[in-house]
Amino acid sequence: MDLEKRLPQPAPATAEESGSLRASDADRDRIADILREAVAEGRLTAEEHAERVEGVYRAKTLGELEPLIADLPAAHGETAGPSSGYAPAPAPGRPSPGAVPAVADENLVAVLSGSVRKGRWRVARRTHAYAVFGSVEIDLSEAIFEQRQVVIKAVAIFGSVEIRVPENVSLRGSGAGVLGNFEVDTLDSADQDAPVVFVDGTAIFGNVEARPKRGKLIRDLHRKVRGHLGH
């Protein structure tokens with residue numbers, strides 16, 4: 001006897017029922033990624049992006065997430081980007097020869113203390129951060145980039161170096177953790193002219209972490225970067 005055929009089968013969820021399902025962190029991150037691509041392509045303004053990202057992390061159900069991308073191509077299964085199929089080249093893995101000096105333009109040192117660099121400030125071509133039984137925080141989310149390639153060398157010994165970047169720059173990392181943690185979230189900007197932040201260094205019994213700051217963008221990216229370079 002085929003019991004499976006005799007037992008009643010549950011009806012598929014309706015669109016209304018699906019919308020009432022609880023949203024997971026993965027669902028929110030997927031929507032946030034779509035919004036980040038949309039603002040990089042010029043489909044959303046920085047203000048619209050910030051407002052929608054705030055809604056993403058307030059949303060409790062899938063039904064609350066869907067309206068945030070309803071007017072974007074990704075919500076309809078379409079591929080965003082130019083109709084020619086052109087995709088910008090990925091950011092380089094290392095700085096171009098001669099683009100960044102070997103000597104630091106700025107040093108941030110925390111020994112049994114803390115050092116913070118954030119707010120509105122001009123990013124140096126090369127910054128060295130040393131945390132020894134202390135902590136260094138580098139927040140680039142509101143900084144002014146005058147170069148397309150920026151290097152941050154981070155060394156944490158029984159300490160921590162935390163780096164945050166805007167969502168519309170590229171982020172690269174190369175380093176090691178010795179009984180510690182060295183972690184850089186690779187990030188690719190949709191704009192091939194966007195700044196690239198390279199993070200390298202070492203964590204010895206410490207922690208080095210670099211990742212994008214949700215909802216933070218460089219506004220007027222082309223005017224700020226190209227203008228400083230005389231373009």
Side-chain angles (χ1 to χ4, degrees), residues 19 23-91 117-123 137-150 152 162-172 184-198 210-231:
S24 68
D25 287 341
D27 293 325
R28 296 184 186 92
D29 287 343
R30 178 178 61 83
I31 300 300
D33 287 341
I34 291 173
L35 294 175
R36 182 172 65 235
E37 292 175 5
V39 74
E41 294 163 356
R43 298 178 187 274
L44 296 175
T45 65
E47 290 77 11
E48 289 171 330
H49 174 265
E51 182 180 348
R52 294 192 190 196
V53 167
E54 184 179 348
V56 167
Y57 292 102
R58 280 202 315 261
K60 292 182 172 60
T61 67
L62 295 178
E64 292 174 305
L65 288 174
E66 290 168 0
L68 298 172
I69 60 168
D71 57 349
L72 300 175
H76 307 282
E78 300 175 17
T79 301
S83 58
S84 64
Y86 169 79
R117 199 76 161 92
K118 64 179 181 180
R120 203 76 174 141
W121 59 290
R122 297 183 185 278
V123 183
E137 178 186 349
I138 302 175
D139 188 342
L140 304 174
S141 61
E142 297 180 8
I144 299 172
F145 287 82
E146 295 183 334
Q147 300 82 26
R148 290 200 181 98
Q149 298 188 9
V150 170
I152 299 176
E162 182 181 285
I163 301 162
R164 296 293 179 263
V165 304
E167 288 193 297
N168 57 341
V169 305
S170 293
L171 178 63
R172 295 288 184 269
V184 176
D185 289 353
T186 298
L187 180 65
D188 283 299
S189 175
D191 191 325
Q192 64 180 351
D193 292 325
V196 186
V197 178
F198 302 93
R211 60 185 174 87
K213 191 170 185 178
R214 291 289 186 187
K216 293 295 185 178
L217 302 167
I218 301 176
R219 301 188 182 187
D220 300 325
L221 180 65
H222 290 84
R223 180 177 64 81
K224 288 183 178 178
V225 177
R226 290 182 180 172
H228 288 305
L229 293 174
H231 290 197

(message) So, using salt bridge (charged side-chain N to carboxylate O under 4.0 Å, His left out) as the criterion, who are the partners of Arg214 when residues are at least two apart?
(response)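 Per chain and number, Arg214 pairs via salt bridge (charged side-chain N to carboxylate O under 4.0 Å, His left out) with Asp29, Asp33, Glu167.
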(message) Going by the rule salt bridge (charged side-chain N to carboxylate O under 4.0 Å, His left out), which residues pair with Arg164 if we only count those two or more places apart in sequence or in a different chain?
(response)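 Applying salt bridge (charged side-chain N to carboxylate O under 4.0 Å, His left out) to Arg164 gives Glu162, Glu209.
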Heavy-atom pair with the smallest gap, counting every atom of [X] and [Y]:
X      : Y      : answer
Leu72  : Arg43  : CD2-CB, 4.3 Å
Leu65  : Val56  : CD2-O, 3.8 Å
Leu62  : Asp27  : CD2-OD2, 3.4 Å
Val123 : Val150 : CG1-CG1, 3.6 Å

Nearest 0.5 Å please: distance from the [atom1] atom of [X] over to the [atom2] atom of [Y].
X      : Y      : atom1 : atom2 : answer
Leu35  : Arg30  : CG    : CZ    : 10.5 Å
Leu68  : Ile31  : CG    : CD1   : 7.5 Å
Lys118 : Glu137 : NZ    : CD    : 5.5 Å
Leu187 : Arg211 : CG    : CZ    : 12.0 Å
Thr45  : Arg52  : OG1   : CZ    : 8.5 Å

(request) For Ser189 and Asn168, indicate whether the former's side chain and the latter's backbone hold a donor-acceptor pair under 3.5 Å. (result)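 Confirmed, Ser189 side chain pairs with Asn168 backbone.
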(message) Between Arg28 (side chain only) and Ala59 (backbone N and O only), is there a donor and an acceptor less than 3.5 Å apart?
(response)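 Yes: the side chain of Arg28 pairs with the backbone of Ala59.
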(message) Counting only heavy atoms not in Glu51 (residues, nucleotides, ligands), do more than 12 fall under 6.0 Å from its CD?
(response)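 Result for CD/Glu51: open.
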(request) Carefully, step by step, assess Arg58 and Glu54 under the rule salt bridge (charged side-chain N to carboxylate O under 4.0 Å, His left out). (result) CA-CA 6 Å; Arg58 280 202 315 261; Glu54 184 179 348; 3.1 Å; yes
(message) According to side-chain hydrogen bond (donor to acceptor under 3.5 Å, both in side chains), who are the partners of Gln149, at least two apart in sequence or on a separate chain?
(response)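 Gln149 satisfies side-chain hydrogen bond (donor to acceptor under 3.5 Å, both in side chains) with Ser96 once adjacent residues are dropped.
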(message) So if I apply the side-chain contact (heavy atoms from CB on, under 4.5 Å) rule between Trp121 and each of Asp139, Ile144, Leu140, which one comes out positive?
(response)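 For Trp121, the side-chain contact (heavy atoms from CB on, under 4.5 Å) test succeeds with only one of Asp139, Ile144, Leu140, which is Leu140.
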